[in-house]
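Owing to the predicted nature of the structure, the values given are computational and were not obtained by experimental measurement.
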Amino acid sequence: QVQLVEAGGGLVQAGGSLRLSCADSGRTVGSYAMGWFRQAPGKEREFVATISSDGGMSYRSLSVKGRFTISRDNAKNTVYLQMNSLKPDDTAVYYCAARRGGATSLTALEYDYWGQGTQVTVSS
């Protein structure tokens with residue numbers, strides 16, 4: 001069973017960095033594609049980044065390209081989102097998600113398991 005737990009959120013000033021992690025206590029994440037999504041107050045959940053099960057393919061949204069990097073360490077059953085040059089518009093609850101089959105997806109509905117989310121707040 002996949003149980004995802006995010007960590008690493010917090011309050012940071014604009015221009016700063018944070019690294020989010022998503023660990024799978026069920027120790028099965030290595031066979032899943034993983035994604036990061038975010039949801040700001042009053043807005044719909046939006047795609048941030050995704051990575052294939054073997055780490056060979058990854059995609060990021062245009063809004064974070066050049067600033068955020070998704071990576072994974074299957075030996076540690078953990079996925080990371082390195083966020084640099086943070087902006088106030090990046091403020092949101094960030095969720096990690098797992099998708100069976102290993103292939104990446106930009107669509108939230110195609111993910112099978114979700115973490116509880118971690119808050120990221122960027123002050124101006």
Side-chain angles (χ1 to χ4, degrees):
Q1 184 176 355
V2 177
Q3 295 177 321
L4 304 174
V5 179
E6 301 97 336
L11 174 63
V12 64
Q13 288 187 333
S17 298
L18 285 174
R19 188 176 79 157
L20 305 183
S21 63
C22 174
D24 170 27
S25 61
R27 302 183 180 181
T28 59
V29 74
S31 62
Y32 292 79
M34 299 297 292
W36 285 97
F37 292 79
R38 67 186 181 185
Q39 188 166 17
K43 295 186 178 180
E44 293 185 354
R45 190 168 298 189
E46 66 169 341
F47 165 77
V48 176
T50 180
I51 188 167
S52 59
S53 57
D54 64 357
M57 297 289 288
S58 65
Y59 299 95
R60 293 163 290 180
S61 70
L62 289 176
S63 63
V64 306
K65 198 170 185 179
R67 301 188 297 122
F68 292 11
T69 302
I70 187 170
S71 63
R72 66 190 301 158
D73 184 342
N74 286 346
K76 296 182 178 180
N77 293 290
T78 303
V79 178
Y80 304 96
L81 185 68
Q82 177 67 45
M83 306 187 295
N84 298 327
S85 302
L86 282 160
K87 305 175 182 179
D89 284 350
D90 295 318
T91 295
V93 177
Y94 283 70
Y95 299 89
C96 74
R99 181 174 189 257
R100 297 189 194 98
T104 58
S105 174
L106 282 62
T107 306
L109 288 176
E110 295 185 352
Y111 285 81
D112 302 290
Y113 303 97
W114 291 83
Q116 82 287 354
T118 185
Q119 176 70 47
V120 172
T121 303
V122 184
S123 64
S124 58

Q: Which pair of heavy atoms, one from S17 and one from Q82, lies closest together, and at what distance?
A: CB-NE2, 4.0 Å
Q: Can you list every pair that meets ring-ring contact (aromatic ring centres under 6.0 Å, His included) and has a residue in residues 39-60, with sequence neighbours left out?
A: F37-F47
Q: Of all the heavy-atom pairs spanning E110 and S105, show the shortest one and how long it is.
A: OE1-OG, 2.5 Å
Q: Please identify each residue that fulfils side-chain contact (heavy atoms from CB on, under 4.5 Å) with Q39, with sequence neighbours left out.
A: R45, Y95
Q: Using a 3.5 Å distance criterion without hydrogens, assess whether the side chain of D24 forms a donor-acceptor pair with backbone atoms of Q3.
A: yes
Q: Got V120 and M83 here, is their nearest side-chain heavy-atom distance under 4.5 Å?
A: yes
Q: Begin with the C-alpha distance, continue with both residues' side-chain angles, and end with the deciding distance and a verdict on side-chain contact (heavy atoms from CB on, under 4.5 Å) for R99 and T104.
A: CA-CA 8 Å; R99 181 174 189 257; T104 58; over 6 Å; no
Q: Any side-chain heavy atom of F68 within less than 4.5 Å of one from W36?
A: no
Q: Are D90 and R67 side-chain neighbours, meaning at least one heavy-atom pair lies under 4.5 Å?
A: yes
Q: Please report the shortest heavy-atom distance between T78 and S21, naming the atom on each side.
A: CG2-CB, 4.0 Å
Q: Look at the side chain of N74 and the backbone N and O of S53, then say whether any donor-acceptor pair between them is shorter than 3.5 Å.
A: yes
Q: So S61 and E46, do their side chains get closer than 4.5 Å, heavy atoms only?
A: no
Q: Side chains of R38 and Y94: is there a donor and an acceptor less than 3.5 Å apart?
A: yes
Q: Are V64 and L20 co-members of a hydrophobic cluster defined by side-chain heavy atoms under 4.5 Å apart?
A: yes
Q: Considering residues at least two apart in sequence or located in another chain, which fulfil the side-chain contact (heavy atoms from CB on, under 4.5 Å) criterion with Q116?
A: V5, E6
Q: What closest approach, in Å, do T121 and Q119 show between heavy atoms, and which atom pair accounts for it?
A: OG1-NE2, 3.3 Å
Q: Looking only at heavy atoms, which two atoms of A33 and Y111 are closest? And how far apart?
A: O-CE2, 4.2 Å
